[in-house]
Visitor: 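Can you keep this structure in mind? I'll have questions shortly.
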Amino acid sequence: MSDPNAGPSDPNVPPTPPQQPAAPQPAGQPAAAGAPLSREQDVQWGSFAHLGGIIGFLPSLIIWLVFKDRGRFTDTEAKEALNFQITLVFAQIAIFILTSIITIVTFGIGGVLGLLSWAVWIVGVVFSIIAFLQAKDGRNYRYPFAIRLIK
């Protein structure tokens, strides 16, 4: 009997390295990290970028950074969502500054402006949900007001 681990009988032929079977890909995952998204995945991530706006700008930023080169719809929608969320952050900062100044000047009466902060948050939630509902159907959504810093 011959030993399967023994090299070839011809000394001029290099030994063959052992082969490992390829690891199976998880279901629903693209073959490579930078592979283009399918149409369904593109729409899904684009809509999630809008829905993530309920908790702030980070979900939109992360989705845009990860998927911007892999899907055109996701790139467009995540940028739009991110620009809207940045606009809301600017509004919250402006309200905070105004509230602080008025509170100092009026000796504590400016706290009523704090309600504007809640109004900005509610507007952000409502428009994020509207945008999500539009994007999940594959339609582009443009917020009625946003500072478009990211082009």
Side-chain angles (χ1 to χ4, degrees), residues 4-5 14-151:
N5 293 328
T16 310
Q19 297 292 322
Q20 295 290 330
Q25 291 292 328
Q29 293 292 325
L37 298 172
S38 68
R39 177 67 183 151
E40 293 80 24
Q41 290 172 328
D42 200 14
V43 168
Q44 177 185 20
W45 285 110
S47 61
F48 284 166
H50 289 292
L51 191 60
I54 291 174
I55 59 173
F57 71 92
L58 280 179
S60 303
L61 176 63
I62 292 168
I63 290 171
W64 181 65
L65 289 174
V66 171
F67 295 108
K68 67 182 177 181
D69 297 327
R70 296 178 54 197
R72 182 178 224 170
F73 186 78
T74 299
D75 179 46
T76 303
E77 295 306 302
K79 278 193 289 192
E80 183 68 16
L82 184 56
N83 282 325
F84 180 67
Q85 294 306 318
I86 290 171
T87 302
L88 295 181
V89 168
F90 288 164
Q92 293 286 13
I93 291 170
I95 290 169
F96 175 77
I97 291 170
L98 285 174
T99 302
S100 299
I101 290 171
I102 292 174
T103 301
I104 291 170
V105 170
T106 61
F107 304 107
I109 300 175
V112 176
L113 282 178
L115 295 175
L116 281 177
S117 183
W118 282 102
V120 168
W121 183 79
I122 290 170
V123 165
V125 168
V126 168
F127 279 113
S128 293
I129 291 171
I130 292 170
F132 167 75
L133 294 173
Q134 292 286 317
K136 78 174 182 64
D137 293 332
R139 294 188 304 255
N140 289 336
Y141 184 79
R142 190 153 172 100
Y143 290 94
F145 58 93
I147 301 170
R148 289 178 175 81
L149 297 174
I150 300 171
K151 304 277 182 199

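Heads up: numbering here begins at 1 and tracks the sequence.
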Visitor: With a 6.0 Å cut-off (strictly less than), is the heavy-atom count around CZ of F57, excluding the residue itself, greater than 12?
Guide: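 Not more than 12 within 6.0 Å, no.
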Visitor: Quick check for you: to the nearest 0.5 Å, what is the distance between Y141 atom OH and F84 atom CZ?
Guide: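 Y141 OH to F84 CZ: 7.5 Å, rounded to 0.5 Å.
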Visitor: Can you tell me how far apart CD1 (I147) and CG (L88) are? Round to the nearest 0.5 Å.
Guide: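 If I round to the nearest 0.5 Å, the distance is 9.5 Å.
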Visitor: Of the non-hydrogen atoms in V120 and Q92, which two are nearest, and what is the gap between them?
Guide: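 The answer is CG1-NE2, 3.6 Å.
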Visitor: Can you confirm whether more than 12 heavy atoms, excluding those of R72, are under 6.0 Å from its CZ atom?
Guide: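 Atom CZ in R72 is not packed in, count stays at 12 or less.
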Visitor: Would K79 and K151 count as a side chain to side chain contact (heavy atoms under 4.5 Å, CB included) if you check the C-alpha gap in whole Å, the side-chain angles of each, and the deciding distance to 0.1 Å?
Guide: CA-CA 7 Å; K79 278 193 289 192; K151 304 277 182 199; 5.8 Å; no
Visitor: Would you please indicate if the ring centroids of F145 and F127 are separated by under 6.0 Å?
Guide: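 Yes, close enough.
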Visitor: Going through the checks in order, is the side chain to side chain contact (heavy atoms under 4.5 Å, CB included) test met by V89 and I93?
Guide: CA-CA 6 Å; V89 168; I93 291 170; 3.9 Å; yes
Visitor: Roughly how far, to the nearest 0.5 Å, is the CG atom of L149 from the CG atom of L82?
Guide: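 Answer for the CG-CG pair, L82 versus L149, is 8.5 Å.
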Visitor: With side chain to side chain contact (heavy atoms under 4.5 Å, CB included) as the test, would you mind laying out the steps for I86 and I150 before giving the verdict?
Guide: CA-CA 10 Å; I86 290 171; I150 300 171; 4.2 Å; yes
Visitor: Looking at W64, F132, Y143, which one forms a ring-ring contact (aromatic ring centres under 6.0 Å, His included) with H50?
Guide: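 Checked W64, F132, Y143 against H50; only one passes ring-ring contact (aromatic ring centres under 6.0 Å, His included): Y143.
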Visitor: To the nearest 0.5 Å, what is the distance between CH2 on W45 and OG1 on T74?
Guide: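 Rounded to the nearest 0.5 Å, the CH2-OG1 separation comes to 9.0 Å.
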Visitor: Please report the interatomic distance CD(Q44) to CD1(I63), rounded to the nearest 0.5 Å.
Guide: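 Output value for this atom pair is 9.5 Å.
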Visitor: Run through T76, L37, D75 and flag the one making a side chain to side chain contact (heavy atoms under 4.5 Å, CB included) with D42.
Guide: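 Result for side chain to side chain contact (heavy atoms under 4.5 Å, CB included) with D42: L37.
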Visitor: I need the minimum non-hydrogen distance between D137 and L133, along with the two atoms involved.
Guide: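 Taking every non-hydrogen atom into account, OD2-O, 3.3 Å.
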Visitor: E77 versus Q134: any side-chain heavy-atom pair under 4.5 Å?
Guide: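 E77 does not reach Q134 side chain to side chain.
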Visitor: Quick test of your reading: applying side-chain hydrogen bond (donor to acceptor under 3.5 Å, both in side chains), list the pairs with at least one residue in residues 124-133, sequence neighbours left out, ordered by first then second residue.
Guide: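 Checked against side-chain hydrogen bond (donor to acceptor under 3.5 Å, both in side chains) - neighbours excluded - the pairs reaching residues 124-133 are Q85-S128.
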Visitor: Quick check against the 3.5 Å criterion: does S60 have a side-chain atom that pairs as donor or acceptor with the backbone of A78?
Guide: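 A pair under 3.5 Å: no.
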Visitor: Tell me every residue that passes ring pair (Phe, Tyr, Trp, His ring centres under 6.0 Å) with F73, counting only those two or more places apart in sequence or in another chain.
Guide: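 So F73 forms no ring pair (Phe, Tyr, Trp, His ring centres under 6.0 Å) with any residue.
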Visitor: Between I97 and I101, is any pair of side-chain heavy atoms under 4.5 Å apart?
Guide: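 Touching, per the 4.5 Å side-chain cut-off.
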